[in-house]
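In what follows, a single structure is set out as structure tokens and then discussed.
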Amino acid sequence: MISLRDKVVFITGASSGIGRACARAFAREGAKILMAARRLDRLKKLAAELGADYGISSHFFDLDVRDRAAVERAVAGLAPEWETIEILVNNAGLSRGLDKLHEGKLDDWEEMIDTNVKGLLYVSRAVIPGMVKRGRGHIINIGSIAGHEVYPGGNVYCATKFAVKALSKGLRLDLSGTPLRVSEVDPGLVETEFSFVRFPGDKERAAKTYHGFKPLAPDDVAEAVVFCSTRPPHVNVSEIIVMPQAQASSTLVHRT
Ligand code: NDP
Ligand code: 8X3
């Protein structure tokens, strides 16, 4: 197993859900945590928790991954202590709506594509050259079961997660011959703010997503992420699909 002690781990979308759980899980291993999201108040609170609970140092900044110039500026402006990113967790992402494609809202499409695909690309493009130069690094993309199976109304969200899959595979090919690793962790239903973001203003519908079965907790996913990153250097966990026991596929969830 590789020790994560004092390694710089950069997590996008650390203000909530899976990203937040990843920050805690890596901090538990003694890593130095670099966090970005738009809700700075949340990151500030989490940074204080990480220090109090695990005695590690963390650094956070406000970032909208859709803003290409801001991503470039933020990564280029990191202090020497934080610029040596060893693990990048590309987690920031969201879904909007569950409309049939021919009835879909174009703004929703733009937001999902800009965040889940272009945002992931901007962050990767800014961070990976440093990893290549240093000859060390691991990129862990958070995909989804939605990147394996399309479900009704999932159209564009699923397309973004299929894109994440293609980008993980493409990156692995392009980094061949370097010591860098590329993993993808693809969860099924995880109870986070995800559904509340998908159905803004409809809390009842959002909550229903998780009714009648035990969904994954963000920690379940974070454990898989940490597992990928702690394998010996010759091991690359390419892909992990992690689902609730009650979820057999994107479309079949046993609810009682
Ligand atoms: P949450 O809504 O709880 O968290 C999403 C995180 O992404 C937040 O921290 C949010 O931060 C951040 N984020 C969203 N848009 C941006 C942006 N433009 N710039 C920077 N950060 C952004 O959802 P999850 O934890 O569930 O989602 C995390 C990832 O997991 C996503 O990629 C999602 O697609 C994926 N996933 C989720 C599953 C689930 O069932 N929950 C299953 C499979 C995959 P802020 O708003 O503060 O910017
Ligand atoms: C999130 C899981 O099934 O709601 O990626 O799309 S699902």
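Start at 1 and go down the list; that is how both ligands and their atoms are numbered.
Which parts of ligand 1 touch Ser15 is read off a 4.0 Å heavy-atom cut-off, strictly below it: atoms 8 (C), 9 (O), 10 (C), 11 (O), 45 (P), 47 (O). Within ligand 1, counting atoms from 1 as listed, the ones closer than 4.0 Å to a heavy atom of Tyr157 are 33 (C), 34 (O), 36 (N), 44 (C). Within the listing of ligand 2, atoms 3 (O), 4 (O), 6 (O), 7 (S) sit less than 4.0 angstrom from a heavy atom of Tyr151. Under a 4.0 Å criterion applied to the non-hydrogen atoms of Ser144, ligand 2 contributes the atoms 1 (C), 2 (C), 5 (O). Distances below 4.0 Å separate heavy atoms of Tyr157 from the following atoms of ligand 2: 1 (C), 5 (O), 6 (O). Per-residue contacts place Leu189 under 4.0 angstrom from the following atoms of ligand 1 (heavy atoms of the residue considered): 40 (O). Proximity to Ser16 (heavy-atom distance under 4.0 Å) selects the following atoms of ligand 1: 1 (P), 3 (O), 4 (O), 8 (C), 9 (O). Taking a cut-off of under 4.0 Å to the non-hydrogen atoms of Ala146, the atoms of ligand 2 that pass are 6 (O).
In this structure, of Ile142, Asn91, Asp41, the residue bringing a heavy atom nearest to atom 32 (O) of ligand 1 is Asn91. Counting heavy atoms only, Arg38 comes closest to atom 17 (C) of ligand 1 of the residues Met243, Arg38, Met35, Arg20.
Open room surrounds CZ on Arg5; 12 or fewer heavy atoms of other groups in view lie less than 6.0 Å from it.
With a heavy-atom cut-off of 4.0 Å, Glu191 does not touch ligand 1 at all. At a heavy-atom cutoff of 4.0 Å, ligand 1 is contacted by the side chain of Thr115 but not by its backbone. Counting heavy atoms closer than 4.0 Å to ligand 1, residue Asp186 contributes nothing at all.
Here Asp107 does not pair with Lys105 in a salt bridge; the nearest charged N to carboxylate O distance is not below 4.0 Å. Taking a cutoff of 4.0 Å between a charged side-chain nitrogen and a carboxylate oxygen, Arg20 and Glu193 do not qualify as a salt bridge.
By the 4.0 Å heavy-atom criterion, Lys161 is counted among the residues contacting ligand 1. Ligand 1 is never approached by Ala21 to a heavy-atom distance shorter than 4.0 Å. Under the 4.0 angstrom criterion for non-hydrogen atoms, Gly143 is in contact with ligand 1.
Here's the thing with Gly13: one of its N/O atoms is less than 3.5 angstrom from an N/O atom of ligand 1. Any N or O atom pair closer than 3.5 Å counts here, and Val190 shares at least one such pair with ligand 1. An N or O contact shorter than 3.5 Å is missing between Gln247 and ligand 2 by distance.
For the pair Ile18/Val225, no side-chain contact is recorded, criterion being any heavy-atom separation below 4.5 Å from C-beta on. Residues Phe227 and Glu223 have side chains not in contact (no heavy-atom distance under 4.5 Å, counting atoms from C-beta outward).
If you check the side chains of Tyr54 and Arg24, you find a donor sitting under 3.5 Å from an acceptor.
Distance from atom 26 (O) of ligand 1 to its nearest protein heavy atom, with residue and atom name: Thr192 OG1, 2.6 Å.
A ring pair (Phe, Tyr, Trp, His ring centres under 6.0 Å) with Phe194 is found for one member of Tyr210, Phe199, Tyr157 and no other, namely Tyr157.
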